[in-house]
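Chain letters run A, B, ... following the sequence lines, proteins first and then strands; every chain starts at 1.
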Amino acid sequence: MSQAQDRLDKIAKFANSTGFVYQGSGIYGGLANTWDFGPKGVMLRNNIKEAWRRFFITSRMDMVEVDANIFMNSRVWEASGHTGNFSDCMVDDKISKHRFRADHLIEDAIGIDVEGKSPEEITQIIRDNKIKNPITGQEADWTEARYMNMMFETNRDKIGNDPNQKIYLRPETAQGIFVNFKNAVQSERARVPFGIGQIGKAFRNEITPGNFLYRIVEFEQMEIEYFIAPPKTDEEWNQVFEEWKDLQFEFFTQVIGIKPENLKEKEHAQEKLSHYSKRTVDWEYNYPFGFNELSGLAYRTDFDLSQHQEHSGKDLSYRDPVTNEVYVPHVMEPTVGVDRLLMATMLDAYTEEELDGGDSRVVMKFAYDLAPFKIAVLPLMKKDGLAEKALELSQDLRAQGISADYDMTGSIGKRYRRQDEVGTPWCATVDYQTMEDGTVTLRHRDTMEQVGDGGRVKIEDLGSYLSSKSFQK
RNA sequence: GCGGGUAUCGUAUAAGGGCUUAUUAUCUCUGCCUUCCAAGCAGAUGAUGAGGGUUCGAAUCCCUCUACCCGCUCCA
């Protein structure tokens, strides 16, 4: 096993044992590339989503949020091109075991565009032209060209399987925004430039999923479509593009707390861009298996709205209330996968520290806002009422809206380590002095040192301590 | 999906067809002890991925399924 797989395997095992991510359908032996989020995983995930929402939407006057349905009218996917592009014919070379997209294979070999051809026709073209395996350069023994639909489909027909009632689980969330563009303009009186954000699940039946949470079949996206007036110059849209790119970087490093050196910008080559995109730049994260995509930013021009305008027959143009200019807005699309971001966050926060005395500890150095628990209340001893007092204090903190954990098993040192492992920034220890003067010791995850007046903090001050900015580190 | 490999308590591991009530460590839990950074002692829970076959006897051999890992594609 490679070192990269070791590290990925380690974080997956760690995530499982600490209650962040469990294997999907575990007791039945699992189901490929599905993962369940455990209690701490849910908290971390919610915190990540809430941080995104705050940073990109609720803190701004030019953003609104929608939550579109996973099922959409099938014509949406015709308009977006998914029923065409996401269902590619594949062929295998039985000799070399290589697999190719049939359309690419044919186009590269004999320069014919097979768009719209059936699998049978494509198979025939490959055989008639005796196309060789481009990797080996040798004769190939091709399988039949087979359809591989990336979209999960189901059927609205409750009795039979009427093809007219076939529906898809959305393979991306973006279309749910575009179809609601007109609604947002009308109900929110939104004025261009403005953006619509959305957090939601999407589903893709990937050919090669894997790498823990990197490529999974059910995933969640946090996506924005930011509508602008049709740019008159390249500089004009590029400026907006750069702003969004910087915002993404700021969000990852300042809000999520990812180390800047683990992020890399990747400009997509012009010739490899999707047909609708004028420019695409990814932020890549340094996963154990190398730098790979974390987020994307694409300038999609007016492609999507125009497509929907054409297919739906509805006018999706916008009238500028000041200039009276009428146009179909162009759009910037910054998007990030929740699951990838969660994995990157965990990888980035995961720290092993050597301590004096030779032993080591694992610390999840989550940003304060992301930590599942902000504080753990620990009784120094189980007896003499300390445990009861600590439980009561945990309950009080939760009532104040502070995510507090409580742990009374094992030695105090062991419990500190456990909290370090799940990234809890603060530990409050209830000891005998607590019973006398109502103070606790407050210890921080990163420094392992106690804070407060003489190392002690009054119970009633805990809430304000934790809500003060200087303590949210 | 195709090819190759793998599958034993939560985790890491032992058991060359019978010596197995499946080993050891760790984790988890209980009790004792313990006044702040993975202490100690005593005890407990917990596994041969699922199904079938060969055999007097299967964790071990065979088949099917499932999952995982490595390649081939792709891009949140």
Side-chain angles (χ1 to χ4, degrees), chain A residues 1-2 5-6 8-10 12-14 16-19 22-34 86 88 90-101 104 135 143 146-148 150 171-174 200-211 213-216 218-223 266 268 272 274 280 282-284 292-296 298 333-341 343 355-357 359-362 378-384 386 409-421 427 429-434 440-441 443 448-450 455:
Chain A
M1 192 184 269
S2 70
Q5 277 306 324
D6 270 349
L8 200 62
D9 200 45
K10 192 171 167 183
K13 294 265 170 61
F14 174 83
N16 179 70
S17 63
T18 47
Y22 306 130
Q23 185 188 26
S25 315
I27 63 167
Y28 285 96
L31 177 65
N33 306 295
T34 63
F86 267 68
D88 300 310
M90 310 293 291
V91 286
D92 294 318
D93 174 7
K94 284 190 261 187
I95 300 169
S96 70
K97 310 298 177 198
H98 291 126
R99 163 166 294 179
F100 301 92
R101 263 180 69 168
H104 289 175
I135 293 175
T143 59
R146 281 164 301 182
Y147 226 37
M148 285 215 180
M150 278 199 154
E172 64 169 35
T173 53
K201 298 265 191 179
F203 304 81
R204 283 185 204 167
N205 203 350
E206 300 281 351
I207 306 164
T208 309
N211 282 335
L213 296 174
Y214 185 73
R215 190 166 286 142
I216 50 186
E218 173 187 334
F219 60 100
E220 192 158 26
Q221 296 178 299
M222 301 189 286
E223 201 154 57
K266 185 187 175 188
H268 284 219
K272 286 186 75 181
S274 331
T280 302
D282 292 342
W283 282 112
E284 296 194 325
N292 272 286
E293 184 176 2
L294 171 64
S295 72
E333 181 190 80
T335 172
V336 59
V338 177
D339 312 277
R340 283 184 185 178
L341 184 53
M343 177 163 73
L355 298 174
D356 301 341
D359 67 340
S360 63
R361 65 168 186 157
V362 171
L378 315 170
L380 188 61
M381 296 289 152
K382 216 184 290 188
K383 58 188 181 185
D384 301 322
L386 298 187
T409 62
S411 72
I412 186 71
K414 182 169 226 165
R415 282 174 277 156
Y416 283 149
R417 299 289 173 89
R418 270 195 210 129
Q419 294 300 331
D420 292 341
E421 274 194 346
C427 286
T429 304
V430 170
D431 55 18
Y432 289 97
Q433 196 179 329
T434 309
V440 293
T441 62
R443 170 257 196 204
M448 298 170 69
E449 279 164 8
Q450 294 174 1

Q | Phosphate-side-chain proximity, A:Lys266 and B:C75, N/O vs OP1/OP2 below 4.0 Å | A | no
(Q) Pairing check on B:U48: which nucleotide meets the Watson-Crick or G-U wobble criteria with it, both distances under 3.5 Å? (A) none
(Q) Roughly how many Å apart are B:C32 and B:G16, using the P atom of each and rounding to a whole number? (A) 43 Å
Q: Measure the distance from CZ on A:Phe219 to C1' on B:A76 and round it to the nearest whole Å.
A: 5 Å
Q: Go ahead and name the base partner of B:C29; Watson-Crick or wobble counts if both distances stay under 3.5 Å, otherwise write none.
A: B:G43
**Q.** Spacing of the C1' atoms in B:G40 and B:G5 (rounded, Å)
**A.** 44 Å
Q. Does one side chain, of A:Glu421 or A:Thr18, offer a donor that lies under 3.5 Å from an acceptor on the other?
A. no
**Q.** Separation of the C1' atoms in B:A44 and B:A59, to the nearest angstrom
**A.** 25 Å
Q: Just name whichever nucleotide pairs with B:G1, Watson-Crick or G-U, keeping both distances under 3.5 Å, else none.
A: B:C72
Q) Whole-Å distance between B:A38 C1' and A:Glu421 CD? A) 9 Å
Q: Please determine, for the side chain of A:Met381, which listed nucleotide (B:A12, B:U35, B:C36) has the closest atom?
A: B:U35
Q.
Pairing check on B:U54: which nucleotide meets the Watson-Crick or G-U wobble criteria with it, both distances under 3.5 Å?
A. none
Q: With a 3.5 angstrom cut-off on both distances, give the Watson-Crick or G-U wobble partner of B:U8, or none if there isn't one.
A: none
Q | Any donor-acceptor N/O pair, A:Arg415 side chain to A:Gly410 backbone, under 3.5 Å | A | yes
Q: For a side-chain contact (heavy atoms from CB on, under 4.5 Å) with A:Val336, tell me which candidate from A:Glu293, A:Gln221, A:Met222 qualifies.
A: A:Met222
Q. Within the structure, does a side-chain N or O atom of A:Ser411 lie under 4.0 Å from either OP1 or OP2 of B:A38?
A. no
Q.
I'd like the C1' distance from B:U35 over to B:A39, given in whole Å.
A. 14 Å
Q: Using a 4.0 Å heavy-atom cut-off across all strands, classify A:Arg418 as base, sugar-phosphate, or nothing.
A: sugar-phosphate
Q. A:Asp431 side chain to A:Gln433 main-chain N or O, any donor-acceptor pair under 3.5 Å?
A. yes
Q: Could you say whether A:Lys13 or A:Leu380 is positioned toward the 5' end of RNA chain B, judged by the nucleotide with the nearest heavy atom to each?
A: A:Lys13
Q) Whole Å only: how far is the CD1 atom of A:Ile216 from the C1' atom of B:A76? A) 9 Å
Q) If you measure from the C1' atom in B:C69 to the same atom in B:U30, how many Å do you get, rounded? A) 39 Å
Q: Please tell me which of A:Asp431 and A:Glu220 maps to the more 5' nucleotide of RNA chain B, matching each residue to the nucleotide holding its nearest heavy atom.
A: A:Asp431
Q | Distance, C1' atom - from B:A58 to B:G17, rounded to whole angstrom | A | 6 Å
Q: With C1' as the reference atom in both, quote the distance from B:U34 to B:G18 in angstrom, rounded to an integer.
A: 49 Å
Q | B:A76 phosphate, OP1 or OP2, under 4.0 Å from A:Lys201 side-chain N/O | A | no
Q: Would you kindly give the CG-to-P distance between A:Leu341 and B:C75, to the nearest whole Å?
A: 20 Å
Q. Base, sugar-phosphate alone, or nothing: which one does A:Gln450 contact when heavy atoms must sit under 4.0 Å apart?
A. base
Q. Taking atom C1' in both B:C9 and B:U45, what distance in whole Å separates the two?
A. 10 Å
Q: Write down the distance between CD (A:Glu293) and C1' (B:C75), rounded to a whole number of angstrom.
A: 4 Å
Q. Base, sugar-phosphate alone, or nothing: which one does A:Ser17 contact when heavy atoms must sit under 4.0 Å apart?
A. nothing
Q. Nearest of B:U35, B:A76, B:A39 to any side-chain atom of A:Tyr432?
A. B:U35
Q: Using atom types as modelled and distance alone, determine if a side-chain donor or acceptor of A:Gln450 lies under 3.5 Å from a backbone N or O of A:Thr441.
A: no
Q | Distance below 4.0 Å between A:Lys383 side-chain N/O and B:C33 OP1 or OP2 | A | no
Q. Which of these nucleotides, B:C68, B:A76, B:C37, is closest to any side-chain atom of A:Gln23?
A. B:C68
Q. A:Asn33 has an atom CG; how far is it from atom P of B:U73, in whole Å?
A. 17 Å
Q: To the nearest Å, give me how far apart CG (A:Leu213) and C1' (B:A76) are.
A: 12 Å
Q.
What I want to check is whether an N or O donor and acceptor connect the side chain of A:Arg361 with the base of B:C37 at under 3.5 Å.
A. no
Q.
I want to check one thing: is the phosphate of B:G31, taken as OP1 and OP2, less than 4.0 Å away from some side-chain N or O of A:Lys382?
A. yes
Q: Search all heavy atoms of A:Asn16 against all heavy atoms of A:Gln23 and return the closest pair with its distance.
A: OD1-N, 4.3 Å
Q.
Under 4.0 Å, counting only non-hydrogen atoms across every strand here, what does A:Leu294 touch: a base, just sugar-phosphate, or nothing?
A. sugar-phosphate
Q) Is any side-chain N or O of A:Lys414 closer than 4.0 Å to OP1 or OP2 of B:U34? A) no
Q.
Taking 4.0 Å as the cut-off, does a side-chain nitrogen or oxygen of A:Arg204 come that near to OP1 or OP2 on B:A76?
A. yes
Q | Atom-pair distance (CZ on A:Arg415; P on B:C37), nearest Å | A | 12 Å
Q) Backbone N or O of A:Glu220 within a donor-acceptor pair of the A:Asp339 side chain at under 3.5 Å? A) yes
Q. When all nucleic acid strands are considered with a 4.0 Å heavy-atom cut-off, which category describes A:Thr409: base, sugar-phosphate, or nothing?
A. sugar-phosphate
Q | Minimum heavy-atom distance between A:Arg417 and A:Leu355, given as atom pair plus value | A | NH2-CD1, 3.1 Å
Q. Do A:Arg443 and B:C36 share a donor-acceptor pair, side chain to base, under 3.5 Å?
A. no
